[in-house]
Amino acid sequence: MTDALDRTWFVSPDVPIDLDNCAREPIHIPGSVQPRGLLLVVHEAEGRIRQASENVRELLGLPVERVVGRTLAEVLGGVADGTVRDQLVDVPDTRVRNPGLVQVEVAGQVVDLDVVVHRPPGDEGVFVLELEPADGIRPLTYGTTYEGVRDAIAELNRGTTLPELYDLAARHVRRLTGFDRVMVYRFDAEYNGEVVAEAKRADLEPFLGLHYPASDIPPQARALYEKSWIRLISDVDYVPVPVVPALPTPLDLTYASLRSVSPIHCEYLRNMGVRASMSISLLRDGKLWGMIACHHYAGPHAPSYGVRAAAEFLGVALSLRLIAQVDQDVLEATRRSAVILARLVAASRDEERPLAEALTADDALLELVPADGVLVCADGELGSRGRVPAGSQDLLDWVTSGELSRIEAAPGSGDPVLAQDDDRTGVLVLDELPEGAPILPGVAGLLALELPDGGTVVWLRDEVLRTVDWGGDPTGKEIVRDGDRFRLSPRRSFDLWRELVSGRSAPWEDAQVTAADDLRGHLVEALFRRGQREIRAAQAVQRALLPARLPALDGWRVDAHYQPADGGRVGGDWFDVLRLQDGRLAVAVGDVTGHGLAAVGAMGQLRNAVRAYMIDSASPARVLHRVAGLARWTLPGQMATLVLVVIDPATGRYEYSSAGHLPPVLIDAAGTARWLRVLGSPLIGLLDGPPAEESGTLEPGERMVLLSDGVIERRGESLRVAMDRLVTGIGRPDPSGLRPLVESLRDPDSDDDATLVLITRD
């Protein structure tokens with residue numbers, strides 16, 4: 001479980017575990033280890049052994065009472081003690097130095113042992129030492145390990161689809177570890193697992209395509225798997241070996257490879273006929289999203305630590321490759337959606353037709369978000385495309401009645417994806433209609449957008465009867481007798497159990513939800529361009545286009561203040577802050593010339609264009625060049641200034657480019673401000689070619705300010721005087737007081753918007 005979780009939530013270690021309480025089992029502090037090796041807890045400063053597993057005699061020939069209290073050098077010898085110390089001192093992350101190899105004299109014979117060290121969480125001053133017999137080929141060589149891992153990674157890099165990557169991983173891990181069956185699991189949003197690839201002995205029944213319920217891996221086990229990436233049970237019938245003496249604070253064995261596992265889990269494996277098991281975590285952004293599961297049926301199986309480390313490395317490589325492939329698939333889907341969005345945007349700009357009619361004139365909406373039918377309500381007009389059953393008006397009324405903001409997911413359907421702003425607009429995603437929703441014949445799922453002034457777009461999907469193949473009845477628990485008590489036991493049958501799922505539609509994919517949300521921004525723009533009252537339209541667009549929240553980065557802070565022009569005039573100032581796929585931070589400030597709805601419409605298009613072109617993490621100059629080209633094509637005659645800064649949070653290195661905009665202001669740790677070099681590139685609308693670009697490094701304690709000219713310009717004063725006044729008076733801006741700062745710098749009689757973004761490196 002997470003460190004912040006109250007430990008009193010767990011079952012006490014002395015309470016018997018069964019399915020009634022296994023989700024609260026303290027699996028990170030079992031107080032025992034598996035007997036394939038021994039564990040020592042050593043006081044780092046003194047080198048004295050504080051605890052030991054009771055099987056010391058089997059590996060070292062010494063009773064445990066003669067080991068606890070003695071120094072590591074006395075027990076293992078000076079050379080072995082030196083090897084352990086090297087592993088601890090040389091590299092802070094001990095995993096990159098594991099395993100070491102030591103030779104220990106036992107009963108007159110020299111024995112080779114794998115040695116693994118780590119520091120337990122929250123127990124400063126000690127380290128954990130694990131020793132296992134060094135079985136297999138020694139040392140691990142180019143031919144025995146590296147060559148196989150290298151070939152596996154090369155094949156993974158050549159794979160182009162997710163199923164291909166899954167299959168490659170299963171085959172290579174089985175070849176490396178020798179397990180009878182290796183499976184790749186992929187978890188859904190509720191942590192139900194599906195076997196998406198397997199490599200197995202020819203005589204074993206296939207598990208490919210089977211599903212396993214989330215309850216098979218309790219939440220605290222998933223949390224542990226996110227910290228400890230590989231787990232081995234070499235023999236499910238092992239007898240746990242206590243770690244003695246027991247201390248008031250139990251030893252945290254989260255990172256111990258010998259950690260004893262839940263007896264319920266061993267029983268689960270025995271019920272499957274499995275004699276040995278190993279699993280490797282597949283992570284995305286630190287969260288468990290898949291697993292490589294290895295099963296052995298012929299008997300106990302214990303790959304050496306070196307082989308396990310190689311398999312873990314393959315798991316890490318697979319995680320990175322899978323994430324890259326998923327991101328690539330998303331990128332390609334985004335590009336396809338952009339083409340369709342362009343058609344819809346063009347249709348929405350045709351003010352000769354009602355917006356609902358323009359959007360449903362062809363199948364563009366159904367191509368953007370595949371569905372059986374779509375309904376559009378905008379400006380009081382209705383339009384539809386595809387199969388839309390009778391009673392659709394009731395559904396539209398329900399979506400726009402406010403129920404969207406209060407909806408709860410139907411049982412078993414998963415949480416709806418709901419994003420809403422202050423106007424209670426948003427995106428609702430359901431693949432099962434909840435109780436109280438209007439019933440449309442055959443319709444089981446919907447994706448709905450709320451638009452300003454009661455408008456909406458609703459995609460409809462018909463019911464899809466699906467079969468889900470489970471590895472045994474997921475509800476098939478049994479009551480068994482255990483001594484003088486009865487308890488719940490894991491299911492004993494894992495034969496194919498087929499479930500018919502009805503009343504639900506095909507699930508909506510994340511890329512489809514994103515495309516629908518992108519369309520919402522364009523439709524908001526189209527609505528105010530079609531004559532909505534200027535002030536309300538401007539407010540809606542500002543909420544839709546300006547960042548709802550600013551990214552949070554360790555060691556950095558980004559703050560912003562936008563102040564519209566007085567008198568209800570609609571200006572063209574905008575800013576954007578977003579994290580790029582490579583981890584860098586992009587900050588843009590722009591100012592579209594003119595006022596009114598046309599200026600805001602151009603602002604929205606430029607902002608969306610910058611985001612679209614930043615998706616490839618291009619340089620600022622290249623992005624501005626491409627935006628300028630798009631503006632000349634889609635916004636002829638429109639002028640705008642724009643500055644774009646991209647910062648690497650790890651190093652502080654920045655690149656910036658501008659098109660007719662004020663350069664950034666750099667404020668050092670002492671509060672001295674200076675303008676960065678004016679690059680002199682033409683405005684958007686006149687820019688024809690890549691603009692100039694500069695780079696530098698924002699050092700710790702320094703700040704960068706991006707602003708629009710509305711912050712400093714005053715009537716009758718030259719821009720140079722205004723720029724000089726800023727650097728002498730800005731000091732070290734207080735992030736909590738950006739509004740007073742802008743008001744102190746701004747001309748009280750200004751009829752222009754004012755935007756200021758402050759980037760602080762701690």
Side-chain angles (χ1 to χ4, degrees), residues 421-422 521 524-525 528-529 532-548 550 558-578 587-611 624 627 631 635 637-645 658-665 683-685 704-717 719 722-723 725-726 730 733 735 737-759:
D421 62 22
D422 293 339
V524 169
E525 176 189 341
F528 71 74
R529 288 178 62 89
Q532 296 295 308
R533 286 181 298 174
E534 189 167 303
I535 295 176
R536 291 190 60 192
Q539 292 173 342
V541 170
Q542 288 163 358
R543 280 192 295 269
L545 297 179
L546 296 180
L550 300 176
V558 182
D559 301 273
H561 177 71
Y562 168 76
Q563 191 165 322
D566 292 334
R569 301 189 69 185
V570 182
D573 268 19
W574 62 276
F575 72 93
D576 203 4
V577 184
L578 67 156
V587 183
V589 173
D591 186 1
V592 176
T593 57
H595 294 82
L597 296 177
V600 179
M603 171 189 75
Q605 293 189 53
L606 291 179
R607 176 261 194 189
N608 289 337
V610 171
R611 284 203 159 201
L624 294 190
V627 169
L635 300 169
Q638 179 68 62
M639 302 293 175
T641 67
L642 178 59
V643 61
L644 178 61
V645 178
S658 71
H661 200 93
L662 291 170
V665 177
L683 284 70
I684 300 293
M704 180 179 287
V705 175
L706 279 68
L707 69 160
S708 64
D709 56 12
V711 176
I712 60 172
E713 279 189 336
R714 295 188 178 183
R715 288 188 178 91
E717 181 182 71
L719 183 59
M723 294 173 70
R725 187 181 66 255
L726 173 76
I730 193 170
L738 291 185
R739 181 187 183 92
L741 172 64
V742 171
E743 291 178 345
S744 69
L745 295 171
R746 189 182 184 205
D747 184 353
D749 298 323
S750 174
D751 60 356
D752 201 0
D753 294 358
T755 300
L756 186 145
V757 179
L758 174 64
I759 307 165

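- Ser750 OG to Asp709 CG: the interatomic distance, rounded to the nearest 0.5 Å, is 8.5 Å.
- Nearest heavy-atom pair, His661 versus Leu707, reported as atom, atom and distance to 0.1 Å: NE2-O, 2.8 Å.
- Using a cutoff of 4.0 Å between basic side-chain nitrogens and carboxylate oxygens, Asp749 and Arg715 are not scored as salt-bridged.
- Residue Gln605 comes nearest to Leu635 through the heavy atom pair NE2-CD2, 3.6 Å, listed as atom of the first residue, atom of the second, then distance.
- One distance of note links CG of Leu642 with CG of Leu624; it measures 5.0 Å at 0.5 Å rounding.
- Remark: Gln638 engages Thr593 in a side chain to side chain donor-acceptor pair (under 3.5 Å) (not counting sequence neighbours).
- Note that CZ of Arg611 and CG of Asp576 are 4.0 Å apart. Values are rounded to the nearest 0.5 Å.
- Under the 4.5 Å side-chain criterion, counting only non-hydrogen atoms from C-beta, Tyr562 is in contact with Asp753.
- Rounding to the nearest 0.5 Å gives a distance of 13.0 Å between CD1 of Ile712 and CZ of Arg746.
- Between Asp752 and Asp591, some side-chain heavy-atom pair lies under the 4.5 Å cut-off.
- In terms of heavy-atom proximity, Ala560 sits nearest to Val757 at CB-CG2, 4.0 Å.
- With contacts defined as side-chain heavy-atom distances shorter than 4.5 Å, the pair Leu606/Val627 qualifies.
- Take Asp559 and apply the salt bridge (charged side-chain N to carboxylate O under 4.0 Å, His left out) test, not counting sequence neighbours, and it matches Arg557.
- Of the residues listed (Leu756, Leu758, Leu706, Val705), the one engaging Val665 in a side chain to side chain contact (heavy atoms under 4.5 Å, CB included) is Val705, and it is the only one.
- The side-chain contact (heavy atoms from CB on, under 4.5 Å) search around Leu745 returns Val711, Leu726, Leu741, not counting sequence neighbours.
- Residues satisfying the salt bridge (charged side-chain N to carboxylate O under 4.0 Å, His left out) test with Arg725, not counting sequence neighbours, are Glu717.
- Listed here is the closest heavy atom pair of Ala640 and Val592: CB-CA, 3.9 Å.
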Give the intermediate values and the outcome of side-chain contact (heavy atoms from CB on, under 4.5 Å) for residues Leu662 and Leu719. CA-CA 10 Å; Leu662 291 170; Leu719 183 59; 4.2 Å; yes
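- Remark: Asp747 engages no residue in a side chain to side chain donor-acceptor pair (under 3.5 Å) (not counting sequence neighbours).
- Asn608 pairs by the side-chain contact (heavy atoms from CB on, under 4.5 Å) definition with His522, Leu545, not counting sequence neighbours.
- In the model, Ser708 has a side-chain atom that pairs as donor or acceptor with a side-chain atom of Asp573 under 3.5 Å.
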